[in-house]
Amino acid sequence: MDRATVVDEVFETVASTAPEVRAALPGRRTETEDQNPSGELRLAADDYADELLEERLGAISGVGQYASEETQEAVDTGEGLAVAVDPLDGSSNLKPNNTMGTIVGVYDAPLPATGRELVGAAYVLYGPITTMAAAVEGEVTEYVVTDGEREAVREELTLPDEPAIYGFGGRVPDWPDEFAAYAEEIESDESLRLRYGGSMIGDVNQILTYGGVFAYPALESAPEGKLRLQFEGNPVGYIVEAAGGRSSDGERSLLDVEPDDLHGRVPVHVGSTGLIDRLEDALN
Ligand code: P6P
């Protein structure tokens with residue numbers, strides 16, 4: 001299969017798996033004894049989604065590597081593209097019945113790789129409606145996913161010209177002074193409203209919808225921030241940049257960040273170009 005067909009097959013497979021992931025959520029809110037490679041407790045729902053997606057994505061002809069936020073090592077699945085999956089991003093939101101998502105990045109290089117090796121990225125948002133935002137060849141399409149079938153509802157999706165929301169992770173006392181000063185500037189901007197739901201995909205989807213800035217910045221206690229480059233920063237940076245926005249680790253596009261290892265973390269800032277430009281000015 002040619003590369004574009006493989007990428008679409010990956011998106012199709014993630015969408016078709018979404019109903020089973022969603023249906024399994026009510027019965028899998030329990031924490032397991034296991035920790036993922038990032039030291040976070042895995043929910044039964046994380047394990048279930050990871051197992052389903054590894055089996056199905058790994059079976060696609062043209063996918064040669066499967067890596068998940070939930071497991072230490074990437075799995076060799078033959079020849080072809082590499083997929084990096086966060087099976088259930090924001091699964092801690094399951095307890096309060098809030099949004100969460102499945103993220104997939106399709107890299108044309110062995111993992112770990114820079115975001116410039118991405119040839120596609122998508123996320124499923126388990127909200128009141130199950131939707132998918134998918135970016136390929138510089139274009140973002142939003143789909144409603146019904147019974148695993150995708151229906152395009154917004155094509156050539158771009159961020160609105162005027163940003164409207166912001167959401168920043170981490171505790172305020174733990175923000176470095178430069179980020180705190182930027183946050184204060186943003187918070188005092190009367191055109192911007194706070195929207196932070198504790199699940200990156202839910203928060204980023206609001207940025208795609210309303211424009212603005214989402215950040216999980218470098219913290220005094222964690223200079224690399226919290227979010228993982230391969231599984232969260234790169235795919236979301238790829239999608240937001242394809243929608244006409246920007247991404248940054250504080251200095252450069254997330255897609256230009258050299259990975260240290262498969263589970264390396266990175267400060268994540270994504271959103272409207274002007275707000276990310278101002279962020280980089282504030283941090284440097
Ligand atoms: P905090 C969810 O655990 C996650 O990885 C992202 O989806 C989300 O943006 C962030 O962590 C939330 O972190 O510290 O606000 O709970």
Side-chain angles (χ1 to χ4, degrees), residues 14 21 25 28-32 34-47 49-50 53 67-71 84-105 121-127 131-133 165-176 179-180 183 187 194-209 212-240 245 247-250 254 262-271 279:
V14 172
V21 172
L25 295 177
R28 287 179 172 79
R29 300 171 89 168
T30 49
E31 286 180 347
T32 67
D34 306 329
Q35 286 191 352
N36 68 16
S38 299
E40 296 157 342
L41 270 181
R42 289 164 56 156
L43 295 189
D46 290 314
D47 286 349
D50 188 27
L53 290 165
S68 157
E69 192 177 278
E70 299 304 329
T71 47
V85 174
D86 184 355
L88 211 49
D89 174 75
S91 56
S92 53
N93 265 349
L94 191 48
K95 190 169 180 180
N97 189 29
N98 212 316
T99 60
M100 62 204 79
T102 293
I103 312 172
V104 62
Y123 61 74
V124 169
L125 173 59
Y126 304 100
T131 56
M132 172 180 267
I165 63 164
Y166 68 93
F168 301 144
R171 296 184 60 252
V172 176
D174 208 5
W175 289 344
F179 184 82
E187 287 157 356
L194 170 62
R195 291 289 184 276
Y196 186 80
S199 159
M200 179 183 68
I201 290 308
D203 293 332
V204 166
N205 204 60
Q206 294 211 63
I207 297 295
L208 283 191
T209 306
V213 53
F214 166 82
Y216 207 106
L219 304 175
E220 296 289 5
S221 63
E224 293 308 306
K226 174 180 184 182
L227 302 177
R228 278 65 36 150
L229 177 65
Q230 297 295 299
F231 304 101
E232 294 164 308
N234 274 342
V236 159
Y238 184 87
I239 292 167
V240 171
S247 78
S248 179
D249 68 343
L254 289 169
L262 186 59
H263 295 280
R265 299 174 192 266
V266 67
V268 169
H269 318 82
V270 294
L279 168 96

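Counting starts at 1 for both ligands and their atoms, in listed order. The figures that follow rest on heavy atoms only: side chains count, while hydrogens, waters and symmetry mates do not. Quick caveat, the model's predicted, so the values are computed rather than measured.
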A.B. asks: Any donor and acceptor pair, going by atom type alone, linking the side chain of S68 with main-chain N or O of D50 inside 3.5 Å?
C.D. replies: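 No, because the side chain of S68 does not come within donor-acceptor range (under 3.5 Å) of the backbone of D50.
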A.B. asks: What are the atom names and distances for all N or O pairs under 3.5 Å between ligand 1 and the protein?
C.D. replies:
unit_1: ligand 1; atom_1: 5 (O); unit_2: R228; atom_2: NH2; d: 3.4
unit_1: ligand 1; atom_1: 5 (O); unit_2: E232; atom_2: OE2; d: 3.4
unit_1: ligand 1; atom_1: 7 (O); unit_2: D89; atom_2: OD1; d: 3.0
unit_1: ligand 1; atom_1: 7 (O); unit_2: D89; atom_2: OD2; d: 2.9
unit_1: ligand 1; atom_1: 7 (O); unit_2: M200; atom_2: N; d: 2.8
unit_1: ligand 1; atom_1: 9 (O); unit_2: M200; atom_2: N; d: 3.2
unit_1: ligand 1; atom_1: 11 (O); unit_2: K226; atom_2: NZ; d: 3.0
unit_1: ligand 1; atom_1: 13 (O); unit_2: K226; atom_2: NZ; d: 3.0
unit_1: ligand 1; atom_1: 14 (O); unit_2: Y216; atom_2: OH; d: 2.7
unit_1: ligand 1; atom_1: 15 (O); unit_2: Y196; atom_2: OH; d: 2.7

A.B. asks: Just so I know, are the side chains of V14 and T102 near enough to count as touching, which here means a heavy-atom distance under 4.5 Å?
C.D. replies: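 Yes - at least one pair of side-chain heavy atoms lies under 4.5 Å apart.
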A.B. asks: Who passes salt bridge (Lys or Arg N to Asp or Glu O under 4.0 Å) against D203, sequence neighbours left out?
C.D. replies: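 Checked D203 against salt bridge (Lys or Arg N to Asp or Glu O under 4.0 Å); zero matches.
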A.B. asks: Measure up the F214 and Y196 rings against each other and bin them: parallel (under 30°), tilted (30 to 60°), perpendicular (over 60°).
C.D. replies: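 Correct class here is parallel.
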A.B. asks: Compare all side-chain heavy atoms of I201 with those of T99 and state whether any distance is below 4.5 angstrom.
C.D. replies: no
A.B. asks: Under 30°, 30 to 60°, or over 60°: which ring-plane class applies to Y166 and F168, parallel, tilted or perpendicular?
C.D. replies: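 The arrangement is tilted - the two ring planes meet at 30° to 60°.
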